[in-house]
Amino acid sequence: MRVMVIVHATKNSEQGNLPREEDIAAMDAFNDKLVKAGVMLSGDGLKPSSNGKRIHLSKGKKTVTDGPFAETKELVAGFWVWKVKSMEEALEWARQCPDPMPGGDSTLEIRPFFEAEDFGENFTPELREQEDRMRTQIEHEQKG
C-alpha cells in the first residue's frame, strides 16, 4: 500500500526558519534508511505558506487568495510518499523519524492513497487503461 506522510507546519516553519545542520543530517540519515529499505517513493519540504496561493472553487467561480494562511495547524510543511505493507509498518517507520520541526511540537499524519481496487466496478477496464497510460507518460516525462 502507498501512504502519504504529511508533516504539519508550525509557527517556526511558517516564519521560514531553516533547520540547523544537525537537523538536516538527522533527516537525511532517516531518508537514507527509508530509501535503502525500498519504502520511500518521494518526499520534500515545502516553503512557508507566504509563498503559496489557494484557489477556492465554488459553483463555477474560482477565487485566488495569496498566502500566508492563518491557521498553522492546518498547513503542510512537507511530505513523504511511502510504499509499505500495512498501516502498522508505516507507523513503525514514523516512530523512527527524527523531529521534523525541532524546537517545538511536531505532528506527522499518515494517510493511505486510494488504489484501483477501492473503486470497484466504477473503475472500468477502459478507465483503468487510461489511468495506466497516464502513469506511464508521467514516468517517462520524469526520466526524460
Side-chain angles (χ1 to χ4, degrees), residues 1-35 38-84 86-124 126-144:
M1 78 186 288
R2 290 177 308 131
V3 297
M4 176 173 276
V5 180
I6 300 163
V7 179
H8 287 258
T10 63
K11 287 181 183 179
N12 201 27
S13 69
E14 276 296 292
Q15 290 172 354
N17 297 329
L18 298 175
R20 300 170 305 169
E21 180 181 343
E22 55 266 27
D23 299 327
I24 295 170
M27 193 58 72
D28 280 351
F30 177 64
N31 287 339
D32 190 50
K33 278 177 68 173
L34 291 168
V35 169
V39 170
M40 186 170 163
L41 300 177
S42 67
D44 253 312
L46 300 172
K47 290 186 176 183
S49 69
S50 59
N51 295 195
K53 299 189 181 291
R54 283 189 176 161
I55 300 94
H56 180 77
L57 296 83
S58 177
K59 301 176 184 167
K61 184 179 177 188
K62 297 174 180 79
T63 306
V64 177
T65 305
D66 295 330
F69 309 118
E71 197 57 48
T72 304
K73 66 182 178 184
E74 295 179 12
L75 298 175
V76 176
F79 72 94
W80 288 277
V81 177
W82 294 347
K83 184 173 181 158
V84 292
S86 64
M87 184 60 82
E88 290 73 29
E89 182 185 1
L91 282 169
E92 287 175 28
W93 281 108
R95 286 184 181 111
Q96 297 178 50
C97 182
D99 188 347
M101 298 292 163
D105 293 340
S106 297
T107 301
L108 299 179
E109 178 179 342
I110 303 171
R111 303 263 305 271
F113 281 90
F114 277 109
E115 301 293 346
E117 52 274 2
D118 294 326
F119 296 104
E121 62 188 41
N122 290 342
F123 199 46
T124 64
E126 296 80 18
L127 290 172
R128 223 176 259 260
E129 190 176 302
Q130 180 180 338
E131 176 86 7
D132 290 342
R133 278 195 310 270
M134 179 186 65
R135 288 186 186 274
T136 299
Q137 183 178 354
I138 290 169
E139 288 175 20
H140 181 267
E141 293 292 327
Q142 289 175 344
K143 290 178 185 175

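Below, all heavy atoms of this structure are taken into account, side chains as well, without hydrogens, waters or symmetry copies. Given the structure is predicted, the values throughout are model-derived calculations rather than measurements.
Between Phe114 and Phe119, the ring planes are tilted. Angles from 30° to 60° get that label.
How far NE2 of His56 is from OG1 of Thr63: 6.5 Å, rounded to the nearest 0.5 Å. Of the inter-residue distances, the one linking Met27 atom CE with Asn31 atom CG reads 6.5 Å to the nearest 0.5 angstrom. Taking CG from Asp66 and CZ from Arg54, the interatomic distance works out to 12.0 Å, rounded to the nearest 0.5 Å. In this structure, CG on Leu34 lies 15.0 Å from NZ on Lys83, to the nearest 0.5 angstrom. Here the CH2 atom belonging to Trp80 is positioned 11.0 Å from the CG atom belonging to Asp44, to the nearest 0.5 angstrom. Taking CD1 of Ile55 as the reference point, atom NZ of Lys62 lies at 10.0 Å (rounded to 0.5 Å).
When every heavy atom of Val39 is checked against every heavy atom of Trp93, the shortest pair comes out as CG2-NE1, 3.5 Å. Across all their heavy atoms, Met87 and Met1 have their closest contact at N-SD, 3.6 Å. The minimum heavy-atom distance linking Trp82 with Met40 is given by the pair CD1-CA, 4.0 Å. When all heavy atoms of Ser49 and Leu75 are compared, the closest pair comes out as OG-CD1, 3.7 Å. Shown here for Pro48 and Ser13, the closest heavy-atom pair between the two residues is CG-O, 3.5 Å. In terms of heavy atoms, Phe123 sits closest to Arg128 at CE2-CG, 3.5 Å.
Residue Asp118 qualifies as enclosed at atom CG: its count of foreign heavy atoms under 6.0 Å is above 12. Counting non-hydrogen atoms of other residues, nucleotides and ligands closer than 6.0 Å to CZ of Arg2 gives a total above 12. More than 12 heavy atoms of other residues, nucleotides or ligands lie within 6.0 Å of CD in Glu117, so this atom counts as buried by the packing criterion. In this structure, Gln137 places its CD atom where only 12 or fewer heavy-atom neighbours from other residues, nucleotides or ligands lie under 6.0 Å away.
In this structure, the side chains of Glu131 and Leu127 stay at 4.5 Å or more apart for every pair of heavy atoms. Proximity of Asp99 to Met101: side-chain heavy atoms (C-beta onward) are separated by under 4.5 Å at one or more points. Counting heavy atoms from C-beta on, the side chains of Leu108 and Val7 come closer than 4.5 Å.
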task: Could you give me the CA-CA distance, side-chain angles and deciding distance for Glu129 and Arg133, then say whether salt bridge (charged side-chain N to carboxylate O under 4.0 Å, His left out) is met?
output: CA-CA 6 Å; Glu129 190 176 302; Arg133 278 195 310 270; 3.2 Å; yes

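Side chain of Ser86 to backbone of Glu89: a donor-acceptor contact under 3.5 angstrom is found.
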